[in-house]
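Quick caveat, the model's predicted, so the values are computed rather than measured. Atoms within a ligand are numbered from 1 in the order they appear, just like the ligands themselves.
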Amino acid sequence: MEKKELLYEGKAKKVFTTKDQDVLIVSYKDDATAFNGLKKGTIVGKGAINNRMTNYIFKKLEEKGVPTHLIEELNDRETAVKKVEIVPLEVIVRNFSAGSFAKKMGMEEGVKFSRPTLEFSYKNDDLGDPFINQYYALALDLATEEEIEAITKYAFLVNEVMQEYFASLNIELIDFKIEFGRYHGKIILADEVSPDTCRLWDKDTHEKLDKDRFRRDLGNVEDAYQEVFKRLGIES
Ligand code: TMP
């Protein structure tokens, strides 16, 4: 599988076309941004970790009945994926208070919820990805009712599978953001799951092992990504 031309460059990934119109190659960068691109930096080794971690977890999710865009890992940083039309929703599941939820609700971080929450943001950088609900999404034709239903079902299933899996690594899955795409009329999981897009805390020490270390200048950013990768035990 070979890259043809650069289709799109995002904040953390480049996407290339291939000679197969149904297949794209994603190339993960070490670039990191926060606050809608206001803060910029590099997390050395992040691209390879996020690529390999995403693929590893996507395989587990497939086994549990969540369809994903994964085709094949090509090398450390690059993966062949199904070309989807991204549904312009950031789908966020939370198990504990943290981040924007904690701020909005005037709560400290790390309070466990009685049950997980689900929320949507409209994927639009110019607007700063505003919080919306499913009625906005339907009114603006961002997704159909059937699609929202599938997304909701898959999002909670992804949470169950990942929560259990991270628990086995002594990691608490605090919250995460996922994105879905349309592929031949069906909703499938796309984008990534990584320390960029999940909040992962050590279960015992509550040490943050995710991008909050970069967002909040907590130091040891690379170490945190490496630590998660090490616990995953992915063979090289
Ligand atoms: P939040 O608490 O800032 O709303 O973030 C919720 C989750 O979504 C957290 O795990 C980090 C992730 N996230 C992204 O993946 N991309 C983003 O642009 C933002 C703001 C959050």
Inset, instruction - Measure across Lys208 and Leu218 and return the closest heavy-atom pair with its distance rounded to 0.1 Å. - result: CD-CD1, 3.8 Å

Inset, instruction - Could you pull out the closest heavy-atom pair between Arg199 and Asp210, with the gap in Å? - result: CA-OD2, 3.4 Å

Protein contact to [atom] [nearest heavy atom, distance to 0.1 Å]:
atom	value
atom 5 (O) of ligand 1	Arg199 NH1, 3.4 Å
atom 21 (C) of ligand 1	Arg215 NH2, 4.2 Å
atom 16 (N) of ligand 1	Lys177 CE, 3.8 Å
atom 17 (C) of ligand 1	Glu90 OE1, 4.1 Å
atom 9 (C) of ligand 1	Asp175 OD1, 3.1 Å

Inset, instruction - Determine the sole option in Arg216, Lys103, Arg94 for which the salt bridge (Lys or Arg N to Asp or Glu O under 4.0 Å) test with Glu109 is passed. - result: Arg216

Legend entry - Glu73, Glu78, Glu235 screened by salt bridge (Lys or Arg N to Asp or Glu O under 4.0 Å) with Arg52, the one that passes: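 Running salt bridge (Lys or Arg N to Asp or Glu O under 4.0 Å) over Glu73, Glu78, Glu235 with Arg52 returns exactly one hit, Glu73.
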
Report yes or no: does a heavy atom of [X] sit under 4.0 Å from some atom of ligand 1?
X	result
Lys103	no
Asp196	yes
Glu192	no

Using distance alone, with no hydrogens and no angle criterion, decide if [X] and [Y] have a side-chain donor and acceptor under 3.5 Å apart.
X	Y	value
Glu62	Thr68	yes
Asp129	Asn36	no
Tyr28	Asp76	no

Inset, instruction - Show the numbers, then the answer: is there a side-chain contact (heavy atoms from CB on, under 4.5 Å) between Glu179 and Val87? - result: CA-CA 7 Å; Glu179 296 181 23; Val87 177; over 6 Å; no

Inset, instruction - Give yes or no for whether the N/O distance cutoff of 3.5 Å, strictly under, is met between Glu119 and ligand 1. - result: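 There is no such contact.
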
Legend entry - Check: Asp129 N/O within less than 3.5 Å of ligand 1 N/O: no

Inset, instruction - Determine, counting only non-hydrogen atoms of the protein, whether one lies under 4.0 angstrom from atom 11 (C) of ligand 1. - result: yes

Legend entry - Sub-4.0 Å protein heavy atom near atom 19 (C) of ligand 1: no

Legend entry - Sub-4.0 Å atoms of ligand 1 with respect to non-hydrogen atoms of Thr197: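 Checking each atom against Thr197, I get 10 (O), 12 (C), 15 (O).
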
Legend entry - Numbered atoms and elements of ligand 1 in range of Phe176, under 4.0 angstrom, heavy atoms: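 It comes down to these atoms of ligand 1: 10 (O).
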
Inset, instruction - Report yes if the distance between the aromatic ring centroids of Phe176 and Phe166 is under 6.0 Å, otherwise no. - result: no

Counting only heavy atoms closer than 4.0 Å, does ligand 1 sit against the backbone of [X], its side chain, both, or neither?
X	result
Lys104	neither
Cys198	backbone
Lys211	neither

Legend entry - Lys19 atom NZ: more than 12 heavy-atom contacts under 6.0 Å: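 Atom NZ in Lys19 is not crowded, with 12 or fewer foreign heavy atoms closer than 6.0 Å.
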
Inset, instruction - Mind telling me whether Phe180 and Tyr154 have parallel, tilted or perpendicular rings, with 30° and 60° as the class edges? - result: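 Parallel, since the angle between the ring planes stays under 30°.
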
Inset, instruction - Closest by any non-hydrogen atom to atom 1 (P) of ligand 1: pick that one out of Gly99, Ala102, Ser100. - result: Ser100

